[in-house]
Chemist: 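Before we start, here is the structure in question, set down as structure tokens.
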Amino acid sequence: MFRTALLRSARSAVRAAPRCQAAMARPVARTAFFQPKPMTPSVYCQAVRCYAASAGLSQEEVLGRIMDLLKNFDKVQDTSKLNLESHFHNDLGLDSLDTVEVVMAIEEEFSIEIPDKEADAIHSVKQAVDYIVAQPDAH
Amino acid sequence: MARLSGLQKDVLSLYRQCLRAVKLKPNDTQSHFRDFARSEFHKHRDVGKKDFGTIEYLLRRGRNQLESYSDSGIRDIRR
């Protein structure tokens, strides 16, 4: 009796799971475009995603924040060369010490800590953006 | 940028440690400590890449300096 109840609830949970996961995986930006969706599933999922759902930074947002940070960095003289493809050394004229400072400023901006090994591998705006987007706890 | 040698990585790692140590200082003097760390590293930026003896000496000296300036009793730095 108890076991059948357990099985039944497990089954219904499994049935419910893919639906709510699909909704959780949906990027934040896209939800804005699909406003007139049936309300019930999103309300149903709201209870689920309260605590565990990550902020999910979009690439554009990360890029914008890194750009602002670089614009305010006193060693970057030529801000006209600043774009997603800029290389810290070749395009922005930063030396390796300045690169360390930029990466540390990025750490502070997104409140994460980048281990030395990975920090040494970041040499361009694109690499930094990709790294931050891949970090689940960056915000 | 070319791949970094082990010694270059040590220097950058020390620089990173110094900048992290700056954040433990009082808010109003952090910029003094940051400028000091910056100038100390930039002072020797022209040391040859192959000048291992000098670099190792400077690294050792930098580590000692970091240790002594990390003391929480030191609240400000002036030059």
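Convention: sequence-line order gives letters A, B, ...; per-chain numbering from 1.
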Chemist: Report the distance from atom CD of Glu107(A) to atom CG of Leu19(B), rounding to the nearest 0.5 Å.
Modeler: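 That separation rounds to 10.0 Å.
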Chemist: Considering only heavy atoms and a distance below 4.5 Å, find which of Lys9(B), Arg20(B), Gln8(B) pairs most often with chain A.
Modeler: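 Most heavy-atom pairs under 4.5 Å with chain A: Arg20(B).
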Chemist: What distance do Arg45(B) atom CZ and Leu97(A) atom CG have between them, rounded to the nearest 0.5 Å?
Modeler: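 Output value for this atom pair is 7.0 Å.
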Chemist: Around atom CZ of Arg75(B), are there more than 12 heavy atoms of other residues, nucleotides or ligands at under 6.0 Å?
Modeler: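 Not buried by this count: 12 neighbours or fewer within 6.0 Å.
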Chemist: Identify whether the distance between the nearest side-chain nitrogen and carboxylate oxygen of Asp98(A) and Arg38(B) falls below 4.0 Å.
Modeler: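 The answer is no: the pair does not qualify as a salt bridge.
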Chemist: Would you say Gln30(B) has more than 12 foreign heavy atoms packed within less than 6.0 Å of its CD?
Modeler: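 Check passes, neighbour count above 12.
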Chemist: Give, for atom CG of Leu12(B) and atom OG of Ser96(A), the distance between the pair rounded to the nearest 0.5 Å.
Modeler: 4.5 Å
Chemist: To the nearest 0.5 angstrom, please state how far the SG atom of Cys18(B) sits from the CE atom of Met104(A).
Modeler: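 Answer for the SG-CE pair, Cys18(B) versus Met104(A), is 10.0 Å.
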Chemist: Check this for me, if you would: do Asp74(A) and Arg34(B) make a salt bridge, where the nitrogen-to-carboxylate-oxygen distance has to be below 4.0 angstrom?
Modeler: no
